[in-house]
Each structure stands twice: as C-alpha cells, then as structure tokens.
Amino acid sequence: MLYHPENIEAKWRKEWKKTGLYKVSNHSNKPKYYVLDMFPYPSGAGLHVGHPLGYIASDIFARYKRLKGFNVLHPMGYDAFGLPAEQYAIQTGVHPANSTETNVNRYREQLDNIGFSFDWNREVRTSDPSYYKWTQWIFLKLFNHYYDLVTQKAAPISELIKIFETSGNFHLQVANSQDATFTAEEWKVMSDKEKDAVLMNYRLAYRKIGYVNWCEALGTVLANDEVKDGLSERGGYPVEKKAMMQWSLRITAYAERLLADLDTLEWTDALKAMQRNWIGKSEGAQLFFEVAQSHQKIEIFTTRPDTIFGSTFMVLAPEHDLVDILVTTDQAETVKSYKEYVASRSDVDRMSEIKEVTGVFTGAYATNPFTGKNVPIWLGEYVLKDYGTGAIMAVPGDDERDYNFAKKFGLEIIDIVDRTDYPNAAPHEKVGKMINSDFLTGMEVKDAITAMLNKIEERGIGTRKTNYKLRDANFSRQRYWGEPFPIMYNHNGVAIPLTTQQLPLILPQLENFKPAPGGKSPLVRVESWVNQFEGFQLETDTMPGFAGSSWYFLRYMDPDNKDNFASEQALNYWQDVDLYVGGTEHAVGHLMYSRFWHKFLYDLGYVPTTEPFKKLINQGMITAYGYYADHLKMPDGSILTGNIKDLVNIDEITAGNPVRLSYIYDYLDSQNRITQSKFKEYWEHIGKDYHVDGNLSKYFWITEDGSEPYFTVNIVQEKMSKSKFNVQNPDEIVARYGADCFRMYEMFLGPIEQSKPWDTKGIDGVNRFLRKYWALYFNNNEWSVSDEKPTGEEYKILHTAIKKITDDIERFSFNTCVSAFMMCVNELKRIECNNRTILNSLNILLAPFAPFITEELHHLLGNDGSVHEAAYPEYDEQHMIQDAVEYPVCVNGKKRDVIAVASSMTPKEIQDYVMTLDAVKRHVGDKAVQRVIVVPGKMINLVVKE
RNA sequence: GCGGGUGUGGUGAAAUUGGUAGACACGCUAGACUUAGGAUCUAGUGCCGCGAGGCUUGGGGGUUCGAGUCCCUCCACCCGCACCA
C-alpha cells in the first residue's frame, strides 16, 4: 500500500466533520486550556502561505494539549468589518455583506484544507448583528461609566451625577477632560444640553472635536496610511486637517494599569517594550505661566522643572486654544498664515520631515514664575497640540530642539546645567550640576528636580503630575461598513443611549456606498433609518475595526448566547486566553485596546481576569524572494530601471524602479545570472501571461571571452503581495504534497517568531520523511507490523524522540521537532523496526503535526477511536540508560579525538586512558600536561602549557 | 535620534545552563538500480591543503582550561516609535 495523502486526507476530513471530533464543551472535568489565533480580515485575495504559519503552530499546540488531557478551546472567526470591502462596494456596487460572505467562504475552504482542529460551531463574525449587538452593548457600558482614580476602577455615571448634585466637581479624582469647575448649584441650573456637554468630559466613551484627514477632492475622510506627503494616496489630491465631532474612548484613564500589568504577562520583552513606549509615562510638574497684561494663564507640563531658570521663551502648538486670544494685532497676519501652513501639513510630514525649524512670534509675553522676566510666546510646529498641554516652556540651554529654535530666531540662551562631569552623557540625560539657577545652583540635576517640585507646590503655582503619551482613541469612522453607534440625538443634540432591548441596532440596506457630502457616512442618506425613533436622529458614524476585535475572544467562550455576551459559567470556566498567536503588526493597537476593554469589563464584574492574554507569541512574516534586474545596460550605457508591468511595451521603460522579474528563478544559473537564450525562454513563458513583446538583446552584458551574453539578477526578500506577483496559495501546495506535508514544512522552515522567505525547494525533504515514516509500517507494500516486545535500542530511540519533541513543543520550537522526527524515523529505519508498541507511541507523538497520516495509521494499527483523543506517550528515563559514553578529547580546547568509554569508568581511569591515545600524544608532545578536565557525560579537556 | 531584534556553509537552519560548531533538510558530486520521471537507495559535501595539519559563527578586543553563547567596541541589515516637553 502506497502513501496517497489526497485519499487519506479527504477521507478523514469528512469523517471528523461527521463525528464532530473538534467540538468542545464548556463542561468538563479536565483542566481548561485556551489557544487563540488572531482572527483574519477576510480579504478578497484569499490566504497565502504566510497566513497559516501561526495557525499551524497554535494548532499543533492545541492538539498537543488535548493529548495531554486538557479540554482545549481552539476557535476561529473573522474580523469581518473593514474598509477594503467598503472600497470594493464603492467601486462595484457589491454590498460589503455579500463580498465578505464570499471571502469568508473562500477562507473557510482554504483553512479546512490544512486540517485545523478548530471548533467551527463557535465561529464568530464581527459583522454579524448577533455579534455586534454585544459590541454596541459594551460601548453603552463605556458611555455610562467614568473612571475613579482613587479606587482605580470604572464607576457608573449616575454616581458621578449624584456627586455633582451635592458638591459640584471640586476635589474630584476622576479621569476627565473638563476644564472648568462648578458648584452643585451651578450644576443644578444647567440645561440638559449643558449637562450633556459636561458629562462628555467624564464618560469613558465620549464625544469631542477630533481632527481627521479631509480630502476635498475625493469628498472623504482618509486613514493615516492613505495619506502620503500631504496628498491622498489615490489620486494625489491635497489633504487637510478638518475638525469634526467624533466619538473617543478614554483609554488614558487606564494608562497606569495597562503599564503596570505588563509585568504579569508572558510576552516577549520586545513587545512589552513597544507597549511601554506607546503608553509613554513621564513624571514631572504641571505649572502655569501668566500672560503679561492679561488674565490668561498658559498651562505647561515639564519633566525638567529644574531648568526653569533657563526658560527664556515659550512655544505653543499652532492649534492651541489661546493663540487667537493672545496674538497681537501687528502679528495677526503672520500668525494666521503660519496656522494655515501648519494645517496643510500632515502629521507624518510634521513629525518625520528633515529638521527645518519653523515658527512665528505671537507678539505676546508671559512671565517666568521664577525669574520674573517677561518671555516671548512663539508658535512652533514642533509642539504638538495633543501631547502634554500643547505648550512648553522652552529651555534652549538644555534642550536640543529649543536650542535650534532659539538659534534660528535669535532668542536668548542661558546655560543652566554644567555637564563637564559627564562628558559621555547624551543631551537628554538628566545629569549635571545646576548653574545660573538661583537657589538650585550647585545642586545635581536629580536633587534640583526634587527641590524645584517642592518649591512649586509650596508656592502653589503648580503640582507634581504624571503624563502619558497615550492618547484617547478616535472611535468614529465616517463609513458604512462598521458597527452603528447605539446613540441617538434629541432636538437639542443631546446624546441619548439606546436601551439594551433596542440592540442590536442593525445597519440598513444600502446601494450607494459613496460618502455623503461633508465627509459624512453614507448612512446619512438613509433617512428612514436615521429617523426611525420618532423625535430623535441616530448617530451616522460607525465604529472602527478595533471595536469588534477588542473582545471577540470572549464571545468564542459562548458564541450563541442571546442574553449575554457570554454566560458567567462560560467566562468562569475559560477565564482567559492561555496562548495567543499572531503577527507583530497588531503589537500595539489591537492588544492595547483589548486589554483596555478587558480591564473595563473586569471593573464591572463581567470577566474574572484582569488581563485577556496570558502568553503571547508573535509569528514572523513569511516573505518571498524578489528577483530584480537592477543593472540592465541600455545601448547608451545607462542603467535600465522600471517595473515589470511596464514591460508590456518594452520601449517605454523609464528610470525609477528596478525591473521585477517574477518567476525567473528556474532560469538562473548558480551565480544568479541569466543568459540571453535562457531569458528568451523566460520571456516566452511570461509573454504568454503578460503579452510582452520587443527586442531584448539590448539589455544584456556582452561578455569579452565570447561566451553567451548575460545579466545578473539581484535577489531580495520582500513581503508577499498580489501586486508583486509573488503570492503562493497554500491550496496548491496541499494539492501536490498533502496538508500533513504542508504543515510540517511550514514548521520546518525555521523558528516560528522569525520572518523567513518562502521557498518550496526544501519541501521534498519533508515529503520524503512522510513516505519513509509510512514505509516503516510496510514491507513490499504489504502491511507488516510486529507484535514482539521492543528491544532496548528501539525503546531508546523512541524515548529520545519523546523527550526531545515534548521539550521542544513546550518551548514552541517546532522546527527542531520536525528534525527530531526525521532523526527518529531514520534511526528506526536503520534497525528495520516495525514494532507495534514503538510505532503506536510514535504515531501519537506525531499526530499534532501530521493529523491525517497518523489518524490513518492509528486505525490500520487496529485502534478504536481517533488518534487525536489518544493519550500522549509518557517519557521514561529508564530506557535512556547507556553502558557506554562518547567523549570528545580536546587539547587546549580543540577536539583531537573521540573515545567511547564504559559509563562506569571514573574520571581518574578516563584520564589515564586518554593519555595513551595517539592523537593526544601527538598534540601534547614534550609539553607538560597541567590539568585534565573531565566534565562527566560532556567532554574531556587537557590543558597543556606552551 | 530612541527602543527592540538579527548576523553561523551554496541555501533554510541546529547548538535549551559556557563544554564535540554546522544536527536535520535542500542543493551539489560520485555511484547503484531503473531501457530517463522531477522515483528510490548508497557514499561524499564548511573553507584552504595531496597530506599531516591549519582556518572558521559580521569585524576587532577581552574574560575562561574551554566562547556562536558572557563582557567591551565597531559594522551591516530588519522591525517599532519618533520634533514626546
């Protein structure tokens, strides 16, 4: 019987479906284990070989845990709301729900092909009303809560209202964006509209003015990555910042907990570092500079209060609220045009462009609270509205950016830190001795900071403050294909939440998906939907992609629940995700928002854990090789560049990019060169696909020795993408080699967290392994398995494999597992082992990696039930005892010989024996042996003095 | 600039606590079988050298009996953040 994966795999795929092998129950005596993959956005391009890498790893781990006796939750679903489907709808009129459905079906087919052990009964789609009902429900909870900084917990907004009614908002320690204070009396006489505006400054989901990338020509709002150099990526039209009323989530309230709890997680240091960076905690002082001849005060935040004596001017963000109030009449024109200039610049430009200092003087002055001097107030684009208070006290003597600004505009510079004791310190390090600083002079920077903070608080002009870089997330999208906000507005524009009974608020049918005038969501046009609740108008913005993905892992626990997002029983049983596998591209956004929502739900008592993802592994990207001809010689001696798509008309190629030569690998020689005749073959092959025509001889180097002209192809690693013609579909690999082979080959490629190029050249090795493994059970294609008692050697080979593979699975080193299987099979083959006991155990060991072939052999071996429900083989050390040990013999650390000695020999006996070896004598010569080091079981080293 | 990561044969890689560098594969070379299929099997394969031997984990230096692994320093590439007060 020959190994035919296509038959075996089709058979078991069907059988498993029939028996519901991978169905998981929420009721079990077994310990739970939750293995989760980041669910995919179902794009029109389908899966390529890079996507399943993480899924295969997690599937192996899930199957392993099942064999080890755990009740394993291993679900899959779809992040089904998203911009591409909407874009596609605008272009083609196909409803996003329909294109998403098509794409989901294709994904499902591709996933099924690979043999994953997902429990598809638990599938979730974020765009399904029965799912987004609960996304809306969580949103309403956020809307109806504020954050108490004293208890470090979310609390109902109704309690806050009670506080307002009794004592206004004085002395409140809560997360907020409220500037003004008010008394209980003042609160009571406020109109509904005013109250609504105040409460927005406390709610965890709230409305505020936010800035969006507005493109007038396209009549739409663009995402950051759709804007390049201040122009829209599509069309190249100008993009400007536009103020719009937007929903936001007050994630900043949770900054401290998001930071502190990182320590409890088993994530990589790199990932934790990224999150810490993003949260960006800094401690310093908040204080005020009074504006001269005015009642205004400018609030600033500084981490270096010690440098106040060197603050000779202030810089405000051009968008700062006070700018228009402060500006003097003679500077008004200058300031206005500068503000226009800054508005025209995208965030990316403003931050990443080569440092060219820009700024204007407002004409106004503020008073330095310590020197008492009047300092000029400037505007500069290097100060950001959203960071800190949007204003800084500039200290050109100790800050590089302030220094450059002062230099450019001829402002006063005072040295306040003497760094001569720290010649190697970086400019931003907080070290040195204070000079020219009144009472601080002579202090070390660290002491000066403390002294100044005390002084500031003593004088009552400011307070100690912790600042976070983390910003509240913009939660509004002017789009159709997202969750509708369960919010309506009354005639006063006051936001009224829908009730739970009114959820889900379902998206209406739509035919025209183009944005409505003013950059509004196309939902505005569906008046019957907007006005469905009499006297009220529904919010027409929708939620962003990260809404649905911030809690989907909880829904898997109880996906069909109609009364709750998941039952208490399910949540208490599954608790949290034990292992989460996904790409680094979600390192910050998705993981941060999920943690935030989870902590919020924890505060409300809905989930039993404070963190959603205990352990996290980032799989690397699978890249493709790109083949480029970047030195093609033209007749005039210039270098030819261009893109392969341009080769449709060869004479139109222009300088710009290297020429991409897709699928050229098979035509290259060992030095990656291609000769003229080989290129013609390639050309004809490509020509069929791309209708390329033209005279090629002009691109070849002419060789001097008369051999065939050639050029050299440059090989690089690049992302897989449709536009690069380098996408590899897993279906093709599975069709040719089988899913077992595909799975093992992806693991064999290298460490899971490393990115690596896809290359099918090595797949034959894994294919041969599976055939060899199959062949162990057969003799001349006849089933041939022996029932004898295994020999010591057979046991030893098996248990070596059990130990190595089990250890390696536990540390997610799947590539070395595959090697270990290969070695084991090579060894068993060498001694012609066909022993049932051995093969049966090995088969279970291999089952997580190659679920199909092992299931087939499990049944051929006469076992009942599935191999995937068998018991994992126990490692038994007694089979590993060996009577002889091999030792490398080194002289001065260099290996000179290898000896085998009885394991009973003492170090002394080994030493004496070693001295008699020829190789040792040769290398020791007349010199004296100073020391002999015997590391038991490892090696022997002779130290010889020269 | 800051933070994180990577660098080992022709290629993908292994070496888990400082202990035989290159396991396991791909490729390549030679041979066997087969009247050619891109099948299978055997042997060889880091580099230099006929050989003894020498050299070798991005470069340089150090600690150690012993360093891919630890320390210092420099270089290259990748990822994330970035005028962060």
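Values below: every heavy atom of this structure, side chains too, minus hydrogens, waters and symmetry copies. Letters go in sequence order (proteins before strands), and every chain restarts at 1.
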Suppose you measure atom P in B:rU64 against the same atom in B:rC84; what distance do you get, rounded to whole Å?
44 Å
Only counting residues at least two apart or in another chain, list the ones meeting side chain to side chain donor-acceptor pair (under 3.5 Å) with A:Tyr338.
A:Thr358
Whole-Å distance separating the CZ atom of A:Arg304 from the C1' atom of B:rA85:
11 Å
Roughly how many Å apart are B:rU56 and B:rC48, using the C1' atom of each and rounding to a whole number?
11 Å
Checking A:Asp402 now: which residues fulfil side chain to side chain donor-acceptor pair (under 3.5 Å) with it, not counting sequence neighbours?
A:Tyr382
Salt bridge A:Arg276-A:Asp263, side-chain N to carboxylate O under 4.0 Å
yes
Sorted by chain and number, sequence neighbours left out, side chain to side chain contact (heavy atoms under 4.5 Å, CB included) with A:Met274 holds for A:Thr584, A:Ala587, A:Val588
Could you tell me how far B:rG38 sits from B:rU17 if I compare only their C1' atoms? Round to whole Å.
46 Å
Main-chain N/O of A:Leu271 paired to A:Thr268 side chain as donor or acceptor, under 3.5 Å:
yes
Do A:Val417 and A:Val445 make a side-chain contact, defined as non-hydrogen atoms from C-beta onward lying under 4.5 Å apart?
yes
Treating A:Asp472 as the side-chain partner and A:Thr252 as the backbone partner, does any N or O pair qualify as donor plus acceptor under 3.5 Å?
yes
Taking atom P in both B:rG54 and B:rG3, compute the distance separating them and give it to the nearest angstrom.
44 Å
I'd like the P distance from B:rA67 over to B:rG60, given in whole Å.
15 Å
Measure the distance from CG on A:Asp897 to C1' on B:rU20 and round it to the nearest whole Å.
11 Å
Do the non-hydrogen side-chain atoms of A:Asp764 and A:Tyr737 ever get within less than 4.5 Å of each other?
yes
State the syn/anti category of B:rG9 according to its glycosidic angle, syn meaning within 90° of 0.
syn
In whole angstroms, how far is the C1' atom of B:rC84 from the CD1 atom of A:Ile300?
14 Å
From the options B:rC65, B:rC81, B:rA15, select the nucleotide whose nearest atom is closest to the side chain of A:Val943.
B:rC65
Not counting sequence neighbours, list each pair that qualifies as a salt bridge (charged side-chain N to carboxylate O under 4.0 Å, His left out) and has a residue in residues 799-808 of chain A.
A:Lys803-A:Asp807, A:Lys804-A:Asp808, A:Asp808-A:Arg811
In whole angstrom, give me the gap between the C1' atoms of B:rG37 and B:rG5.
45 Å
Indicate yes or no: at least one non-hydrogen side-chain atom of A:Pro396 is less than 4.5 angstrom from one of A:Leu411.
no
Rounding to a whole Å, what distance do you find between A:Glu299:CD and B:rA85:C1'?
13 Å
Note every stem involving RNA chain B: at least three consecutive Watson-Crick or G-U wobble pairs, i with j then i+1 with j-1, with both distances under 3.5 Å.
B:1-7 with B:75-81, B:10-12 with B:24-26, B:27-32 with B:40-45, B:46-48 with B:53-55, B:58-62 with B:70-74
Base, sugar-phosphate, or nothing: which does A:Lys804 touch, judged by heavy atoms less than 4.0 Å apart?
base
Work out how far the P atom of B:rA82 is from that of B:rC77, and round it to whole angstrom.
22 Å
Mind checking the C1' distance from B:rA14 to B:rU20? Whole angstroms is fine.
14 Å
Mapping A:Ile392 and A:Val898 to their closest nucleotides on RNA chain B, which lands nearer the 5' end?
A:Val898
Nucleotides 50-58 of chain B: which of its N/O atoms have a protein N/O under 3.5 Å away?
residue : atom : partner  : partner atom : Å
B:rG53  : OP1  : A:Arg922 : NH1          : 2.3
B:rG54  : OP2  : A:Arg896 : NH1          : 3.0

Pairs touching residues 815-824 of chain A that satisfy salt bridge (charged side-chain N to carboxylate O under 4.0 Å, His left out), sequence neighbours left out
none
Nearest whole Å is fine: how far is B:rC26 P from A:Phe769 CZ?
13 Å
Any A:Phe405 side-chain heavy atom under 4.5 Å of A:Val383 side chain:
no
State whether the side chain of A:Ser311 and the backbone N or O of A:Ala394 hold a donor-acceptor pair below 3.5 Å, judged by distance alone.
yes
Mind checking whether A:Ile377 and A:Leu322 have side chains closer than 4.5 Å, heavy atoms only?
no
Expressed in angstrom and rounded to an integer, what is the separation of A:His590 atom NE2 from B:rG80 atom P?
18 Å
Identified side-chain contact (heavy atoms from CB on, under 4.5 Å) counterpart of A:Met747 within the set A:Thr816, A:Ile60, A:Val766:
A:Ile60
When A:Asp808 and A:Asn467 are each assigned the nearest nucleotide of RNA chain B, the 5'-most assignment goes to A:Asp808
So what does A:Leu749 hit on the nucleic acid, given a heavy-atom distance under 4.0 Å: a base, only sugar-phosphate, or nothing?
sugar-phosphate
Non-neighbouring partners of A:Gln754 that pass side chain to side chain contact (heavy atoms under 4.5 Å, CB included), sequence neighbours left out:
A:Pro751
Would you kindly give the CG-to-P distance between A:Leu591 and B:rC81, to the nearest whole Å?
14 Å
Protein-nucleotides 3-10 of chain B N/O pairs under 3.5 Å:
none

Aromatic A:Trp267 / basic A:Arg595 pairing, under 6.0 angstrom, 45° off normal:
yes
Distances under 3.5 Å between protein N/O atoms and the N/O atoms of nucleotides 22-24 of chain B, please, pair by pair.
residue : atom : partner  : partner atom : Å
B:rA23  : N1   : A:Ser819 : OG           : 3.3

List every contact pair, protein side and nucleotides 36-45 of chain B side both N or O, where the distance is under 3.5 Å.
residue : atom : partner  : partner atom : Å
B:rG38  : N2   : A:Arg736 : NH2          : 3.3

Kindly write out the residues that satisfy side chain to side chain contact (heavy atoms under 4.5 Å, CB included) with A:Glu412, not counting sequence neighbours, or none if the list is empty.
A:Thr312, A:Lys373, A:Ile414
Whole angstrom is fine here: how far is it from OH in A:Tyr382 over to P in B:rC84?
10 Å
